[in-house]
Number of protein chains: 2
Amino acid sequence: MKLTPAGKCQQCSAFHEVGGFCSHLDAEELESLSAESRSVMLRRGDTIDSNELNTWPVLLIATGILSMQHLLEDGRKTIAAFFMQGDIIDMRNMPARHRGSLIALGKSKICRLSPKVFGDILEKNPSAQRVVWENLRTQTYRAMEHSADLAKKQALEKLASFIFECQHRQIITVSKNSVTIPVRRIDLAEYLGMQPETVSRGFKELEERGILEFQNTLSLKILNAPALRRIANGDRSSDHMPTAGERRFKVLSFG
Amino acid sequence: MKLTPAGKCQQCSAFHEVGGFCSHLDAEELESLSAESRSVMLRRGDTIDSNELNTWPVLLIATGILSMQHLLEDGRKTIAAFFMQGDIIDMRNMPARHRGSLIALGKSKICRLSPKVFGDILEKNPSAQRVVWENLRTQTYRAMEHSADLAKKQALEKLASFIFECQHRQIITVSKNSVTIPVRRIDLAEYLGMQPETVSRGFKELEERGILEFQNTLSLKILNAPALRRIANGDRSSDHMPTAGERRFKVLSFG
DNA sequence: CGGCAAGTTGAGCCAGGTCAACTCCGGTGG
DNA sequence: CCACCGGAGTTGACCTGGCTCAACTTGCCG
């Protein structure tokens, strides 16, 4: 097979994934976008600096995970959002005050799209436009929902919500109740506005209550989805019910 | 002057404001959008219910202020975002889980846009498309910034950030340092994830430190913008410096 | 000018932050 | 192959910012 100039795109998730932005482009568009764009590999900790964002303000995540981080004067750090496979980040003319830094949280491949070609495509290709539009709206409403979580939920409730968020966003689903957490504990804590210690204690409690079970730090199984759902929704009525763990133990020991 | 079918639009901020969505439409587009859309007046507390959002998922705020509220099982309530003049809310095909309720926080006029005509316009009118796109992006990054505020900032810091947010969003600026808070204390507390009591105490402290001064509950003057900025940015080094108020008092009493 | 919601003030308490010590794990080099 | 190392994660003890509840004041609207 002859490798067109856009041949590299054949390997890219944004091209071959159904619904991926580049899969909606015609040959000519793909050609010119590809010619004017640059893809990069990032490792954990790599930062896309401000200068770079000025020349390359439009990014597409091909694989991996990026974070938008905000830093306070005294070093407190927050992750305002996660960007994952298929997400498009459009920072054209963003005033600096709206900008955090974009930092990779693991090995990632991103494509810096030519702002000009990107803009042209949005104007002329309604189906590509729709994909980008949907993506941005999802980001918006996700961010708002996340705000709501941060504003009023307690530690356990935030963790529960987060697990569902991971479940909804994950691309490959091994089994219905398996969820993979795509980031380290520290990042998770920063995203949820809590301390790593608190995250640890929270997960421990959820395990003790028999609601979930960790395979390892990054992957878990939901054992009692309704209970987890109730916690995520802030239903405190069941807070002091006997836990599944306790109950099972008693039955076994007296049975 | 002859009143065209879209005559009602002549009065609307979205039409006559520079940069307003409808000001970017040509006569024909305005005509058909207007014919298929419905504007409504809302009063504080009016809710746009879920059914309504299914038939009219695209809204444009002409004047006033709406909130996106999320409710937890046990009654805790959060305001995830404010929508103000010029904002466009596009809820087409949003899964229910991403949806809070839209509730007016004061007298507002909104225009329910025909989703079909709105969609057609986005495809065909690049300049209108750009306006909507910019608006959505602003909403996105604002929501992310707000998440960052909620995640790690303390009460005072959140208040300080909020004042700057109001300053940036307000349409009419009386004087450089006057800021109008567009919502009541309760709403503000819900937006910032705190209690009204805490809001009150926070503002009191900022006044006592001589950083700002309230004209009435809704409007204030910033007296020391750099100090407010430092607080908003989470600089705790100045936390226990003598306050302007204290200093002034001492000078006067010994002078 | 009265009534009621909004906002403020005060006192006490607790969820989660902080700090410090410890364990676990993956990678590295001898 | 194993000993070592360093960062990530966990556990424990303590402390505090902001929540809670209750009483009070203010200000708006009829």
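Being a predicted model, the structure only gives us computed values, none of them experimental. All chains are named by letter (A, B, ...) in the order of the sequence lines, taking the proteins before the strands, and each is independently numbered beginning at 1. Keep in mind that the numbers below use all heavy atoms, side chains included, and drop hydrogens, waters and symmetry copies.
In this structure, OG on A:Ser108 lies 11.0 Å from CG on A:Leu102, to the nearest 0.5 angstrom.
For the side chain to side chain contact (heavy atoms under 4.5 Å, CB included) with A:Leu66, the lone residue among A:Ile103, A:Ile48, A:Leu105 that qualifies is A:Ile48.
Among residues two or more places apart in sequence or in another chain, the salt bridge (Lys or Arg N to Asp or Glu O under 4.0 Å) test is passed with B:Arg169 by B:Asp87, B:Glu165. Checked against side chain to side chain donor-acceptor pair (under 3.5 Å), B:Glu52 has the following partners two or more places apart in sequence or in another chain: B:Arg112.
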Base, backbone or nothing for each nucleotide of nucleotides 1-19 of chain C, written B, S, -, heavy atoms under 4.0 angstrom, 5' to 3'? -----SSSBBB---SSSBB

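Here ring-ring contact (aromatic ring centres under 6.0 Å, His included) pairs that include residues 208-233 of chain A, with residues two or more places apart or in two chains, are A:Phe203-A:Phe214. Applying the ring-ring contact (aromatic ring centres under 6.0 Å, His included) definition to pairs two or more places apart or across chains, none involves residues 217-237 of chain B.
Going from atom CD of A:Glu190 over to atom P of D:dA8 covers 11 Å, rounded to whole Å. Protein atom CG of B:Leu192 is 12 Å distant from nucleotide atom P of D:dG18, rounded to whole Å. The distance between atom CZ of A:Phe214 and atom P of D:dA8, rounded to the nearest whole Å, is 18 Å.
Looking at B:Ser219 and B:Thr180, their side chains never bring a donor and an acceptor atom within 3.5 Å of each other.
Note on the helix from C:dC1-D:dG30 to C:dG30-D:dC1: terminal axis deviation equals 50°, with five pairs used at each end and the result rounded to 10°.
Heavy atoms only, all atoms of each residue included: A:Leu156 and A:Gly202 are closest at CD2-O, 3.5 Å.
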